[in-house]
Amino acid sequence: MATETNTDATSAKTRTGGLLGVERTDALLRYGLYAVAGGLLVFLWIPLLVMVALSFMVNTSTLFPFKGVTLANYVATFADASLMRALLHSIEIATIAALIATVLGVLASFALARYDFPYKELYRTLGILPMVIPGVIMGIALLIYFRSLLSVTPGFWTVVVTHSVYGFPFVLLLVTARLYTFDRSLEEAARDLGADPLTTFRDVTFPILAPAIGAGFLFAWIRSFEDFIRAFFVKGTMNVLTTSMFSMIKYGTAPKMNAISSFIVFVIAVALVVAMNVGNVTEYVAGTEADE
Amino acid sequence: MSTEHTSGKRGQLIRAFSSTRRRLGLTVGPSLVWLLLLLLAPLTFMVAVSFLQVNDAYQIIYQPTLANYGNLFAGPGPFWESSFFKSLVLSYELAFVTTVVCLVLAFPLAYLLARRGGRTFKFVIFLVLLPFFTMYLVRAYSWFLMFGSNGVINSTLVTLGVVSGPVHLFDFGKFAIVVGLTHAYFPYMLLSLYASLDGLDFSLVEAARDLGASRTETLRDIIVPLVLPGIISGSLFVFVPSLGAFITPRFLGQGKVLMIGQLIEQRIDSLYAINYGGAASMFIVVSIVVAFALAFRYVSIEDLGGF
Amino acid sequence: MAADHTDERSKRGGTDRRTFLKAAGATGAAGLAGVAGCLGGGGKQTINIYTWEEYANFKDQIENTLDIKLEITKGTSSAKMFSAFNSGQDAQYDIVIPNNNYIPKLLDADLIAPVKKDAVPNFGSLYGKFKEFANSQFAKGGTMYGIPIRFGWYGISYDTRAIPNPKHSYSELWNKDHKGNIVQYDNHFKAISATALYLGYTDAFKGDRVSLTDEQLKKCKQKLIDEKPLLEGYIAADPTYIKSFEQGNHTIGFSGRNEIVEMWSNGDDWVDYYVPEEGSLAWFEGAAVSKKSDNKELAWKVVNEYISPKIGAALAKAGYSPSCNPKTQQNLSKDENKLYGAIEPSRLDGFIPFKAIENEKKWVSAWEEVKTA
């Protein structure tokens with residue numbers, strides 16, 4: 001036995017390790033993986049860090065020559081009334097849209113996770129579709145639909161409605177994933193102990209589901225808040241934060257753009273830290289089971 | 001049994017929804033109606049508009065026509081030299097390259113994360129997710145600052161003396177766009193791959209190595225087939241949005257690159273040419289349907305969960 | 001903030017609801033004369049404007065002068081303003097202020113109302129040339145439909161440190177010496193027009209609309225395709241152009257004059273500007289009142305404010321573009337006047353005003369072909 005393994009190991013060495021040998025190659029690969037992983041994180045973060053840095057600088061377009069640090073950009077940004085109004089619109093729209101998406105999504109998740117019905121797969125595809133369709137297509141289709149077919153003037157509510165559709169798949173995926181790993185014997189036990197379906201839902205199902213629902217709401221909220229292209233088409237003449245920022249690039253000042261963008265990164269960082277620690281978001285995001 | 005004892009409104013409510021059909025109606029109904037009205041109907045209308053005529057003021061005349069599709073390819077030369085065709089091909093190219101780059105870069109990281117897990121994992125995922133959750137616009141803009149013949153990348157390289165003059169590669173253009181798109185959709189690929197790799201039984205890998213398989217063989221015969229659902233779904237989530245990208249090529253192409261999303265937007269924005277926009281969008285919609293259909297041969301829709 | 005919402009919803013309801021609200025408000029104000037302040041604007045009329053960013057700076061002043069409420073929507077492109085009006089949003093606005101070449105388009109689409117001359121007394125002070133334009137480009141059947149507000153012109157801006165002595169011609173944009181450092185304007189109208197002037201097709205600009213023959217358009221397109229390898233990029237947006245210039249991304253480009261004036265105001269004295277000898281395109285903003293407006297007279301009064309000597313001067317300063325009313329000079333300092341104050345009227349004769357394009361679809365297609373080349 002040992003001899004056989006040895007021979008195998010030797011042939012493995014000559015086949016793979018080549019000049020270096022198995023262990024060395026293993027080590028190299030491992031460090032290589034770490035290096036790639038590290039490089040990737042740098043890649044993901046560098047532009048954002050640069051932007052945050054520039055938001056504090058006097059020289060807003062380039063790092064060199066270095067002209068000094070200032071808070072003036074932030075002051076100007078927050079003093080901009082129409083920008084702040086757009087921010088408020090974004091928050092309002094995101095909240096309402098996410099609420100709609102969450103209610104619809106939770107209901108639909110139950111259907112997908114627990115029942116069988118004809119065309120179930122088709123329905124599931126339909127549910128995921130808004131997440132995958134490029135924003136340009138969705139935006140244009142809805143614009144034409146609202147304007148030319150329904151004769152509805154695009155504005156606040158068209159954006160809300162659009163975003164509620166856009167956020168729906170996120171809620172759906174997260175809550176369904178949680179429902180799949182849900183231990184139904186808990187519900188059965190409650191029923192055996194005399195609880196009616198409503199009480200069971202309220203006291204057993206919902207508390208367990210709550211983190212997933214919360215995560216779904218959060219994701220739908222963020223998707224709505226950060227969406228540009230769909231809002232761009234269906235917003236009419238109202239402005240949301242993203243469209244304001246876009247027109248700032250076109251017709252405004254770069255300093256404000258850096259400042260508001262950095263501010264958003266900061267706010268989302270905080271929200272994400274909270275969500276990840278309180279809501280166990282990581283597990284749902286990666287699709288693994290939570291440790292129960 | 002318990003429902004019999006509950007009285008009044010509450011009992012009525014419970015009894016009303018005791019049948020599976022009613023429950024299905026309650027759960028599926030609202031979202032189905034919502035999606036039909038606000039997703040399927042608009043898309044269907046857009047398909048319809050692409051086959052209808054439109055007058056000079058771009059109001060719809062309900063007369064069927066194939067002219068809109070013909071006009072897409074109209075031009076001085078043959079159809080493959082029309083601006084629409086060239087833009088479409090370019091978009092496919094860039095979307096494909098982005099997908100491959102995402103796959104190649106995400107795989108090592110996903111593999112590492114799957115093997116390590118624990119607190120490192122949580123921290124790394126946070127670092128990966130945060131840029132993803134910042135506004136897309138913000139990320140595209142941050143890359144906009146980096147590129148350019150005198151953007152942050154080039155000016156830093158020149159100041160540090162690494163190069164003598166601006167590097168052409170870091171100027172605005174196709175490379176910048178691929179970088180921007182990769183940066184934008186990378187998390188989708190990473191999470192898909194991770195979800196798949198996480199379910200991988202690594203003892204299989206060790207067994208293969210013990211049995212004498214080389215690393216490449218292990219990768220090819222053991223790992224990849226098991227991770228295939230993750231690869232497929234990740235690719236889908238990167239390819240499709242990249243195809244219709246609008247913001248990234250607009251910022252990072254500096255006008256020199258015209259992807260299909262930009263082309264459509266230009267026509268709609270400056271002319272409200274919904275016939276042209278509708279017909280052009282159909283090409284993207286059909287591409288997406290085909291991509292999905294191909295994907296579903298390898299992966300069931302349940303595996304598409306978890307992003 | 002809640003007020004914004006109500007406005008949004010009432011706007012969506014269309015004219016009926018707005019009329020009703022105004023009637024209710026007017027009745028309320030009349031009935032409670034003297035307590036009008038407590039109503040918080042319920043009795044004031046609202047004028048909705050769709051215009052450029054700087055116009056919002058004078059909201060308070062105009063509101064106080066005319067005792068009205070002003071709702072300003074900021075736009076970033078004339079094309080968008082036109083397409084919004086053309087698709088039903090003309091019911092939402094009283095005034096729209098696109099570039100001059102869009103006024104005939106609005107006129108043809110029957111979306112705007114004639115000027116009420118009595119409400120715009122400042123019209124009399126405008127440069128003769130602009131009064132002429134208002135009576136030609138902005139008129140139909142002898143009736144005037146728009147009022148010029150500010151103007152500017154396009155030319156070539158360059159970095160004097162890199163290019164000390166350029167030829168005052170469009171040819172510099174095709175000069176191989178500047179390869180990789182040239183910026184062309186990212187818009188079909190401006191880029192193709194500039195190329196047409198460069199190729200000498202000045203006749204095309206003589207009529208009501210710019211009309212290039214198919215052959216001429218083909219040549220312009222080819223010229224632009226030839227230019228592409230020499231370009232750093234195509235830029236339309238002012239701040240992007242300025243940023244690119246300041247960053248050193250390009251050294252010469254086709255741009256409006258106001259970007260350069262802004263850079264001069266910011267202390268960038270190394271940039272300079274010339275008007276090409278082949279001819280320069282000039283724009284001017286035209287204020288028009290929507291046909292569906294309920295307050296046309298009041299709307300024209302608001303327009304009048306924007307060309308008044310005082311607000312007109314401040315507007316010029318905010319946008320780095322001179323007002324069409326030379327009287328604004330009185331309210332600007334000597335240096336400011338040099339940048340965006342009065343201009344020698346004879347110079348205006350040399351400008352070719354923006355015009356609508358004959359067969360714009362062909363221009364858009366040609367432009368797409370340049371972009372995908």
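Residue numbers start from 1 in every chain, and the chains themselves are labelled A, B, ... in the order their sequence lines are given, proteins ahead of strands.
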>> Please check if the number of heavy atoms outside C:Asp208 that lie under 6.0 Å from its CG is greater than 12.
In response: no
>> Would you say OH of C:Tyr273 has more than 12 non-hydrogen atoms from neighbouring residues, nucleotides or ligands within 6.0 angstrom?
In response: yes
>> Looking only at heavy atoms and a cut-off of under 4.5 Å, which of C:Ser78, C:Ala109, C:Ser365, C:Ser244 has the most pairs with chain B?
In response: C:Ser365
> In Å and rounded to the nearest 0.5 Å, what is the CD1 to OG1 distance from B:Ile260 to C:Thr372?
Replying inline: 9.5 Å
> At what distance, to the nearest 0.5 angstrom, does NZ of C:Lys371 lie from CD of B:Gln262?
Replying inline: 7.0 Å
> Heavy-atom distance under 4.5 Å to chain B: side chain of C:Lys228, backbone, both or neither?
Replying inline: side chain
>> Heavy-atom cut-off 4.5 Å, strictly under: side chain, backbone, both or neither for C:Asp186 against chain B?
In response: side chain
> Just wondering, do B:Gln254 and C:Thr240 contact through their side chains at under 4.5 Å, heavy atoms?
Replying inline: yes
>> Within the 4.5 Å heavy-atom criterion, are C:Glu368 and B:Phe84 side-chain neighbours or not?
In response: no
>> On the six-membered ring of B:Phe144, is C:Lys243 placed so that its NZ or CZ lies under 6.0 angstrom from the centre and within 45° of the ring axis?
In response: yes
> If contact means a heavy atom pair closer than 4.5 Å, which residues of residues 213-223 of chain C contact chain B?
Replying inline: C:Lys221
>> Has B:Lys256 got a side-chain atom pairing as donor or acceptor with C:Glu232's backbone, closer than 3.5 angstrom?
In response: yes
>> Under the rule for side-chain contact (heavy atoms from CB on, under 4.5 Å), what residues qualify as partners of C:Lys355, not counting sequence neighbours?
In response: C:Gln137, C:Val210, C:Pro353
